[in-house]
Amino acid sequence: MAKKFYITTPIYYVNDKPHIGHAYTTIAADVLARHYRQKGYDVFFLTGTDEHGAKVAESAAKARLDPQSFCDQNSALFKEAFKELNISNDFFIRTTDERHAASVSKFMQVLYDRGDIYEGTYEGLYCVGCEKFMKERDLDEAGNCPDHGKPPEKVSEKNYFFNLSKYLKQVQALIEADTITVLPATKKQEVLGLFKQGLEDFSVSREKVAWGIPLPFDQKQKTYVWVEALQNYISAVGYGDHEKEFAKWWPADVHLMARDIIKFHAIYWPAMLLAADIEVPRVIYAHGFFSLDKRKMSKTLGNVIDPHELVQEFGVDATRYLLLSQFPFGQDGDIKRSLFKEKYNADLANNLGNLVSRVLNMIEKYAGGVIPAQVPSPIYLEHSDEKIEQLQFDLVLNELWQAIDQANQLIDENEPWKMAQDESKKAGLDVLLGQLAAFLMDCAVAIRPFMPSTGEKIIGSLMSPRIEKGDPLFQRLK
RNA sequence: CGCCGGGUAGAGCAGUGGCAGCUCGCGGGGCUCAUAAUCCCGAGGUCGGGGGUUCGAAUCCCCCCCCGGCAACCA
């Protein structure tokens, strides 16, 4: 039986529109999923949307929609964005799915039955106008709600809490031992640092929130949104309703996310799983943030890049390539808008695209459109499985492009256009063209997880009974 | 002293004890199969500052300066 590989992205909050950050995480997950499929693994790649909570209800009201319609609309935006980016997810979960809700109920009941959920009181500043709790920092100088100009009331409500403290030592030990592998290593350090600071039990329910999944043991309370959101990773693969399916996929091999939500994934989530006697995930990988021209990406600054714009300008494959090749995956990195075009022209049009053009053209012109010799590629393409599986995408791509340079050098050194003039060099020319064709084939396979249609196009061209130069893969941009 | 990163060529980044590297850009030359693409050569760096350890430090230790993040759920 084939080995399985289960990879997840976070589920994205429907309050947001899809932006470059969502695209970045999801493309990275897609590359891994495609890589493992290509290797023969049985892959399950999950993404989706997180749809409950007071903020969603609020936004829906503003848009004069009922929450469900609002969610339907915005969730569809993510689906479309991912479709445009050629994301090969096997399932798209929505937390408003019936199956998810049922699974969450079951999970919460298990935690309750095991005695790891207890009743407590949450105290906070509640604004009646907003119908929500406010944080000190949300208030203006006078201590008023900025929207309603009135001070919020001190209110306490009944909440249920999860007994995190009971599991902290255990989770810490699992992370230290790499049973839960937190990557990159610097993030592991950070997470371990959080244990030193001390962590408190957290509330898992809300009394005043209407838009959510009721707690099975107290229907008046809704499950707190991110507690429930984490559970998508098990509900999507059958927890609570399909034991066989669940046994097949769980535990997740990689939970991929940006670094802002690592605490929930590396600490709270494993703790809840331990409480429910479920295996913990294998790898938690937190990647970095973009900044644009040294400025943090944010809606207020208006410098958020819509992936759709990039696709319009560069095409799908180039967008995928440009995002992953900018800087090491685990780190933060700054990019300049102009860099996208430079890199597009240099790497995709000039190097890869032009190489394909010149090789195909020579096969067409000098060999009548048929690969004249079946010979192995003389260029060593490092078997990059290890690097790609450690999510070192920039290194994998770097190696690939070094090989492309070598192919270009090989052509210049041998001057096939001169060989073609000289009948006595025909055999040598045939071998060279065969070698180049073999290299392009290797290259196409290696590139396919990153740029699926480009890989397919190259393979298609080479498999054609009559090889032609064809159109450029990547048109140079002015 | 809350915790964790980072400061290396014009730009973006590798390098974590042994001659300072990669990509882009820039300057010069070559080629003509190719998308004014490709190939070769070159210029460009007191490796944030100071002190120390060492035969030898970008790399290890100490102090300082600057930038960012987490703690405080925008991927």
Side-chain angles (χ1 to χ4, degrees), chain A residues 9-10 12-13 15-29 50 53 55 135-137 184 186-199 224-226 229 256-265 268 286-291 294 296-300 304 307 323 325-328 330-336 338-339 342-343 345-366 394-395 397-398 401-402 404-405 407-420 429 433 436 469 471-477:
Chain A
T9 73
Y12 304 110
Y13 207 48
N15 242 18
D16 236 349
K17 294 237 164 17
H19 58 64
I20 199 172
H22 305 116
Y24 187 61
T25 312
T26 312
I27 289 168
D50 179 10
K55 276 195 216 162
K135 300 244 166 96
E136 298 272 359
R137 65 174 182 283
T186 57
K187 296 296 186 299
K188 178 179 169 183
Q189 286 301 112
E190 271 180 44
V191 169
L192 290 174
L194 292 173
F195 287 99
K196 276 187 264 167
Q197 278 181 50
L199 292 152
Y224 188 39
V225 60
W226 63 253
L256 187 60
M257 73 212 69
R259 60 176 167 70
D260 56 327
I261 51 177
I262 192 169
K263 182 169 134 190
F264 300 96
H265 285 80
Y268 295 174
H287 66 70
F289 278 151
F290 286 100
S291 61
K294 304 276 183 196
K296 192 176 174 178
M297 225 174 61
S298 81
K299 273 169 271 178
T300 36
V304 176
L323 289 179
S325 62
Q326 293 291 339
F327 51 81
Q331 299 175 22
D332 282 10
D334 185 63
I335 31 179
K336 285 194 189 137
S338 61
L339 235 57
E342 275 175 26
K343 231 173 149 45
N345 280 335
D347 294 356
L348 298 178
N350 296 355
N351 286 344
L352 174 62
N354 183 55
L355 174 68
V356 171
S357 286
R358 62 199 301 213
V359 171
L360 293 180
N361 183 55
M362 287 190 285
I363 293 173
E364 181 183 352
K365 272 195 185 161
Y366 303 153
D394 58 306
L395 293 185
L397 292 171
N398 203 7
W401 255 259
Q402 278 176 27
I404 289 169
D405 283 347
N408 273 320
Q409 287 161 23
L410 188 70
I411 296 174
D412 274 65
E413 283 160 17
N414 286 284
E415 303 182 309
W417 49 92
K418 286 188 183 158
M419 296 166 100
L429 178 60
L433 294 179
L436 289 168
K469 182 183 165 195
D471 296 327
L473 285 175
F474 300 97
Q475 198 64 248
R476 246 185 98 82
L477 297 173

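A, B, ... follow the sequence lines: proteins, then strands. Residue 1 opens every chain.
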Under 4.0 Å between a side-chain N/O of [X] and OP1 or OP2 of [N], yes or no?
X         : N      : answer
Lys188(A) : C4(B)  : no
Asn351(A) : U38(B) : yes
Gln409(A) : C40(B) : yes
Asn350(A) : U38(B) : yes
Asn354(A) : U38(B) : no
Arg358(A) : U35(B) : no

- Give me the ring orientation class for Trp226(A) and Tyr268(A): parallel if the planes are under 30° apart, tilted from 30 to 60°, perpendicular past 60°. parallel
Taking [M] as the reference, what is the distance to [N] when you measure between their [atom1] atoms (whole Å, please)?
N      : M      : atom1 : value
A9(B)  : G15(B) : P     : 15 Å
A72(B) : G25(B) : C1'   : 41 Å
G56(B) : C24(B) : C1'   : 34 Å
A14(B) : C65(B) : P     : 26 Å
A20(B) : U59(B) : P     : 13 Å
C64(B) : G29(B) : C1'   : 49 Å
G5(B)  : C60(B) : P     : 12 Å
C39(B) : A75(B) : P     : 41 Å

Donor-acceptor pair, distance only, cut-off 3.5 Å: does the side chain of [X] make one with the backbone of [Y]?
X         : Y         : result
Asn414(A) : Leu410(A) : yes
His22(A)  : His19(A)  : yes
Asn345(A) : Leu477(A) : yes

Whole angstroms only, please: what is the [atom1]-[atom2] distance between [X] and [N]?
X         : N      : atom1 : atom2 : value
Trp401(A) : A37(B) : CH2   : P     : 18 Å
Lys187(A) : C4(B)  : NZ    : C1'   : 9 Å
Lys418(A) : C39(B) : NZ    : P     : 17 Å
Leu352(A) : C24(B) : CG    : P     : 14 Å
Asp347(A) : C22(B) : CG    : P     : 16 Å
Glu415(A) : C40(B) : CD    : C1'   : 12 Å
Trp226(A) : A72(B) : CH2   : C1'   : 14 Å
Met362(A) : A37(B) : CE    : P     : 18 Å

From C-beta outward on [X], which listed nucleotide comes closest to its side chain: [options]?
X         : options                : answer
Ile261(A) : C4(B), C70(B), C73(B)  : C73(B)
Asp405(A) : C73(B), U23(B), U35(B) : U23(B)
Lys469(A) : A75(B), A34(B), C24(B) : A34(B)
Trp417(A) : U35(B), C73(B), C31(B) : C31(B)

- Message: Counting C-beta onward and ignoring hydrogens, is there a side-chain heavy-atom pair between Asp405(A) and Asn351(A) closer than 4.5 Å?
- Response: yes
Classify [X] by what it touches in the nucleic acid, base, sugar-phosphate, or nothing, heavy-atom distance under 4.0 Å.
X         : value
Ala346(A) : sugar-phosphate
Pro416(A) : nothing
Leu473(A) : base
Ser357(A) : base
Tyr366(A) : sugar-phosphate

- Task: Searching all strands shown, indicate the nucleotide that pairs with G45(B) (Watson-Crick or G-U wobble; both distances under 3.5 Å).
- Result: none
- Query: Whom does G2(B) pair with, Watson-Crick or G-U wobble, provided both distances fall under 3.5 Å?
  - Reply: C70(B)
- Item | Most 5' of Leu395(A) and Lys263(A) on RNA chain B, judged by nearest nucleotide | Leu395(A)
- Message: Return whichever of Asp412(A) or Lys343(A) has its heavy-atom-nearest nucleotide of RNA chain B closer to the 5' end.
- Response: Lys343(A)
- Message: Just verifying a value: how many Å separate Asp347(A) CG and Glu342(A) CD, rounded to the nearest 0.5 Å?
- Response: 10.5 Å
- Task: Mind checking the CE-CG spacing from Met362(A) to Leu436(A)? Nearest 0.5 Å is all I need.
- Result: 6.0 Å
- Message: I'd like to know if the side chain of Asn408(A) pairs up with that of Arg358(A) as donor and acceptor (distance under 3.5 Å, no hydrogens or angles considered).
- Response: yes
